[in-house]
There are 2 protein chains.
Amino acid sequence: MNLEEKQQRLAQFAQAHRENGLPVTMQRRAVFESVLEREDHPSADEVYAAVRAELPEISRMTVYRILGNLVALGLLNKICHPGSVARFDPKIYQHHHLVCLDCGGIIDLEEERLNKVAWPDVRRFGFEIADYHIHFRGRCAACRQAAKKSRKPPTKRKQTS
Amino acid sequence: MNLEEKQQRLAQFAQAHRENGLPVTMQRRAVFESVLEREDHPSADEVYAAVRAELPEISRMTVYRILGNLVALGLLNKICHPGSVARFDPKIYQHHHLVCLDCGGIIDLEEERLNKVAWPDVRRFGFEIADYHIHFRGRCAACRQAAKKSRKPPTKRKQTS
DNA sequence: AGCTACTTGCAAAAATGTATCATCTGAGAT
DNA sequence: ATCTCAGATGATACATTTTTGCAAGTAGCT
């Protein structure tokens, strides 16, 4: 993320807090900046670990609460993936994901064409659509390589990205 | 799921196990049948609870392991959702989901048109796409109703479906 | 029936997320 | 600059979900 974009996101952050009467604490700023600086999709605990480098006193609970707030304010996205831990994404504009079925890794996919899918008619469910994103599932480069060497599936790795 | 379809899925289940040298235990059959019979998207613990009606002795651990196996064999899907527990889906053909941002509920969406999105070129990532599915995020009927009555967001419910 | 590899169940613990409450702090008012 | 208070924070404890290691059991084959 370039400097200009980051400035803009921080201004958006300050404004959203002002408008909702929420104080901008150093913890909130540290958590938000920490996620902004990342190119991957960290879990809450990964954010906690990163923020502690700057604020060693911060509590894990606070990080969980702040991440929840930031998502509610629309400043971060909570992303969907087949794993079992919540992951957070600094990108709040529409984009899509490649999800590896072996290691659970997630790669961002930004392609204008994919943003043009017409929304289905879901009036029969009473559902109101806000946005959508597409998950392409398959196998990442590393896992394809690993699968080629051994017939057996690759050893399960910690999910990354 | 009608009877014929169920027969076919059970045959597929037996064949996949034979081909991979995995014994078909009564626990495996019970877990698979239990998920097949459902119309919703149960979590591992919900499957555990349901299977115990038939096999009271089965351990929670076994259910977790078997669900993982069935997903690896392609007999079940593990679905993506913003909540914090893994959920399983008996439908392995392509379909899409409506996900409620408030309560986390999931509704199946089967619409032929949505299956026709052209796959992006991801050679630059070395990624091999197997399939895709679309998440439409928004608000379900119940949560819209609840939001209308009070300005505040609805009380957090246990995620269903 | 017997062999063998794989599975199961148990116990324990790690990982992840939530609740409670006393104390502290940001931000506007004075 | 200081005051004041609603709201945030941090500590602890707890609930839930998932993983690990190993002894005992069982499916599938000969």
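Just so we're on the same page: letters track the sequence lines, and every chain starts at 1.
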Residue pairs involving residues 58-75 of chain A (criterion salt bridge (charged side-chain N to carboxylate O under 4.0 Å, His left out); sequence neighbours excluded)
A:Asp45-A:Arg60

So does A:Arg60 reach the base of D:dG10 with its side chain, donor to acceptor, closer than 3.5 Å?
no

Do any pairs count as a ring-ring contact (aromatic ring centres under 6.0 Å, His included) and have a residue in residues 50-78 of chain B, sequence neighbours left out, and if so which ones?
none

Please give me every residue in residues 8-15 of chain A whose heavy atoms get under 4.0 Å of an atom in DNA chain D, ordered by residue number.
none

Would you mind building the protein contact string for nucleotides 7-12 of chain C? One character per nucleotide, 5' to 3', B for base within reach (heavy atoms under 4.0 Å), S for sugar-phosphate only, - for untouched.
SBBBB-

Can you say whether the rings of A:Tyr132 and B:Phe136 are parallel (under 30°), tilted (30 to 60°) or perpendicular (over 60°)?
tilted

Just jot down the salt bridge (charged side-chain N to carboxylate O under 4.0 Å, His left out) partners of B:Arg18, sequence neighbours excluded, or say none.
none

B:Asn20 CG to C:dA5 P: how many Å, rounded?
18 Å

Spacing of B:Tyr64 atom OH relative to C:dA13 atom C1', expressed in whole Å:
14 Å

With B:Glu37, which residues qualify under side chain to side chain donor-acceptor pair (under 3.5 Å), at least two apart?
B:Lys6

Whole-Å distance, A:Arg52 CZ to D:dT9 P, equals 17 Å

With sequence neighbours left out, the residues meeting salt bridge (charged side-chain N to carboxylate O under 4.0 Å, His left out) with A:Arg124 are none

From CD of A:Glu46 across to P of C:dG17 the rounded distance in Å is 11 Å

Residue set satisfying salt bridge (charged side-chain N to carboxylate O under 4.0 Å, His left out) with A:Glu4, at least two apart, ordered chain then number -> none

Mind telling me whether B:Tyr93 and B:His95 have parallel, tilted or perpendicular rings, with 30° and 60° as the class edges?
tilted

Could you state the NZ-C1' distance from B:Lys78 to D:dT17, rounded to the nearest angstrom?
11 Å

Side chains of residues 68-78 of chain A: which donor-acceptor partners sit under 3.5 Å, not counting sequence neighbours?
| unit_1 | atom_1 | unit_2 | atom_2 | d |
| --- | --- | --- | --- | --- |
| A:Asn77 | ND2 | A:Lys91 | O | 3.4 |

Residues passing the salt bridge (charged side-chain N to carboxylate O under 4.0 Å, His left out) test with A:Arg137, sequence neighbours excluded, are B:Asp131

Please list all pairs meeting ring-ring contact (aromatic ring centres under 6.0 Å, His included) that have one or both residues in residues 4-24 of chain A, counting only residues at least two apart or in different chains.
A:Phe13-A:His17, A:Phe13-A:Phe32

Global bending angle along the helix from C:dA1-D:dT30 to C:dT30-D:dA1, which compares the axes of five pairs at either end, to 10 degrees:
40°

